[in-house]
Every structure is written in C-alpha cells, then in structure tokens.
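As the structure lists them, so they are numbered: ligands from 1, and atoms in each ligand from 1. The shown structure was predicted, so the numbers you read here are calculated from the model rather than taken from an experiment.
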Amino acid sequence: MKLSYASYSLQFKHPFGLAYGTRTTTEVVYVKLESGDFTGYGEAALPPYLNETQTSVIAFLKKVSVLLKNYKLPFSIEEIITAMDAIAPNNNAAKACIDIALHDLLGKALNKPVYTLLGLTKPQPKNTSVTISIGQLNLIPDKLKEIEEYKILKVKLGNKEDKKIIECIREHTNKALVIDVNQGWVDKYFALDMIEWLSDKNVLFIEQPLAKDKYDDMAWLSERSPITTVADESMLRFSDMDKISGCFKGINLKLMKCTGLFEAVKIINYAKQKGLNINIGCMSESSCGIAAAAQLMESADWIDLDGPLLIKNNPFTGIDFSEGKLQLNNIVGTGATLSSKELAFYEGKA
Ligand code: MG
C-alpha cells in the first residue's frame with residue numbers, strides 16, 4: 001500500500017471564537033492510501049489547542065508508511081491499527097487520518113459503505129447543530145439568518161457575556177440550544193448557577209463546563225444538573241471512558257480525538273452499556289473527515305457535524321446538508337470525493 005499526504009489550510013467563513021481565543025484558519029493534513037486500483041482518503045484536523053501540527057502529523061505518517069508497505073488489499077484494519085498505535089503514543093489526529101483512509105480504501109475495494117464494514121445501521125438524514133461562536137454579539141442576528149434552516153444551535157460560552165449571548169439569541173429564536181463551555185466556567189458553584197439559569201431555555205446538553213481534570217467537581221455538578229452534562233476535553237480515547245463515566249452523563253465523540261472509526265465503535269458500545277448519551281462532534285474539518293464521522297450517526301443521540309458549513313475552501317464533496325439535516329448519499333467507502341485540484345500530494349517516504 002502506498003501512502004502520500006497533502007498539507008492544507010481550511011479558511012473560516014467567519015473568525016471562529018471560543019474560550020481559548022479567536023482564529024481564522026485551521027491547519028489540516030490529508031492522507032491518500034493507494035492499493036491496486038483503489039484509493040482511500042483521510043483527514044487530520046489540527047486545532048492549535050491539541051498539540052499536533054502539520055509537521056508532527058507528517059513525521060508520524062512517514063513512520064506509518066513503512067508499516068503499510070507490508071500490507072495490500074484485502075487487509076485487516078484491526079491488525080494495522082493495533083500496529084500503528086504501537087509506533088508512538090498520542091498523535092491522535094494523525095492516527096485518525098490513517099484509520100479513515102484505511103476504512104475508505106477497504107470499503108471501495110469491497111464495494112461497501114464504511115458503516116457496513118463497522119457493523120452499523122445505515123445512517124438516515126439527521127439534524128446537526130451549527131455553531132455560533134462567542135465574541136460577536138452584534139453579529140448574532142445576521143448569523144442566525146444565515147443558518148435559518150438548521151434546527152439546533154451550538155453556542156460557545158465561557159466568558160463574561162454568557163447571559164447576554166443567550167438573551168440575544170432568545171430575542172430572535174426559540175430553537176433548541178447546545179451549550180459548549182470549553183472548560184470556561186470557573187468552579188462548580190458558578191457552573192450550577194449558570195446551568196439552573198439555562199434550565200428553562202430549551203438546552204439539550206452542556207458540554208465541558210469545567211476544567212478537564214476536575215473529575216470530582218464534575219461528578220458533583222452532573223448529579224445536580226437539570227441539563228445533561230457531556231464530556232469533551234475530559235475524554236479523548238477509549239482508555240478515558242472508565243474515568244469519565246461516573247462524572248458526566250454523556251460524551252462528545254470525535255474521530256480526531258479517539259484515533260478514528262475503529263476505536264469510535266468501541267467507545268459507542270461502552271457508552272451505550274453505561275447509559276451515557278452520545279454526541280458525535282468534529283473539529284474544523286472538511287467533508288473528508290465529516291463523511292467518516294457521519295457513518296456513526298445512527299448510534300448518536302445528537303450530531304454536531306457542521307465543519308463543512310463553517311469553511312469556504314472545502315476540497316472534498318460527498319455529504320449534503322438539506323433542511324438542517326446532514327445526509328450521506330448512496331456510497332462506497334466513506335463517500336468523500338476529492339473535488340479540488342489545489343491539493344499537492346507528496347509520497348510519504350520515511
Ligand atoms: Mg467542545
């Protein structure tokens with residue numbers, strides 16, 4: 001199997017603000033795997049707070065390319081993923097882009113959609129939330145108009161204007177809200193006050209209200225919270241599930257955190273066993289990563305897969321948004337199709 005990669009910069013339609021700061025681009029790396037007549041694509045999305053860079057991803061991909069030379073179609077995804085995970089710890093997005101490309105490639109070779117390879121039900125169109133970022137109070141009415149067809153709004157809170165933002169949104173719409181605090185509330189007492197204030201405002205869940213390592217405080221808060229609490233920064237991989245399962249009522253599962261689809265299915269099974277709600281989320285990703293995440297939609301209570309809606313230079317097609325719902329078409333592999341000629345792929349020689 002041959003591996004090549006392309007670095008790219010996704011440009012936001014609007015500056016993207018959250019509790020960590022504001023930015024206008026997200027760096028990504030695309031990977032292309034070729035075997036016989038078939039090609040699979042994967043994506044590593046690299047928001048700056050997650051410690052992976054294009055340089056670190058490419059360095060990891062070069063190591064994986066040596067491993068992949070020993071494999072050809074049809075291969076065992078589990079075997080390759082286990083071997084890849086043993087190369088180095090962390091590198092979660094780099095591992096995810098390989099995992100996605102492997103599933104895409106195998107699906108294409110077997111003429112099957114990836115959800116079938118994973119043993120999952122065919123995803124039906126599903127309402128996705130769409131993010132309104134903080135720091136743009138005066139832009140909220142325009143932004144709401146722009147995303148009128150979407151039924152669920154994701155609101156980034158965690159600064160001094162939290163109540164003003166919610167009040168401003170509620171002047172214009174009663175749509176369901178998903179609140180993401182990104183660890184921004186200072187302690188459990190403040191968080192409980194805020195959640196109680198939000199409890200009659202049609203909020204589906206509260207994501208990561210406190211700092212990621214405040215497990216005991218989160219357990220205290222989740223016990224008292226009238227709104228479902230969901231772990232994001234506190235939960236990266238399957239190995240975190242035991243730790244968070246008594247502290248939150250749900251998880252935000254992202255392929256870039258959990259190293260891809262193979263591990264995502266393990267996490268979903270565990271979460272269902274423990275009665276945890278599941279949101280499938282994303283980083284700022286193009287349709288390549290989102291088409292992969294969408295394979296999991298039927299297992300989720302909610303999805304937050306708005307990545308392609310927020311960027312203006314998406315190099316992939318393969319998913320559609322219609323009447324607020326994300327849908328996969330009749331597909332093989334992940335369904336992602338490279339549509340841009342801008343990407344320059346380099347062979348990933350070690
Ligand atoms: Mg989040």
F38 ring centre to K108 NZ or CZ under 6.0 Å, with the angle to the axis within 45°?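 Not satisfied by the 6.0 Å and 45° rule.
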Taking ILVMFWY side chains as joined if any heavy atoms are under 4.5 angstrom apart, and letting links pass through other members, which residues group with L204? I152, V178, F205, V230, W302
Atom pair CD1 (I195) and NZ (K201), whose distance is rounded to the nearest 0.5 Å: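 Spacing of CD1 (I195) from NZ (K201) equals 13.0 Å.
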Could you verify whether a donor N or O on one side chain and an acceptor N or O on the other, from S65 and Y5, lie under 3.5 Å apart? no
Which protein N, O or S atoms sit under 2.8 Å from the Mg ion (ligand 1)?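 Near the Mg ion (ligand 1), the protein supplies D180 OD2, E207 OE2, D232 OD2.
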Within the supplied structure, the quantity of interest is the number of heavy atoms (other residues, nucleotides, ligands) at a distance under 6.0 Å from K151 NZ; does it exceed 12? yes
Can you establish whether the number of heavy atoms outside K13 located under 6.0 Å from its atom NZ is more than 12? yes
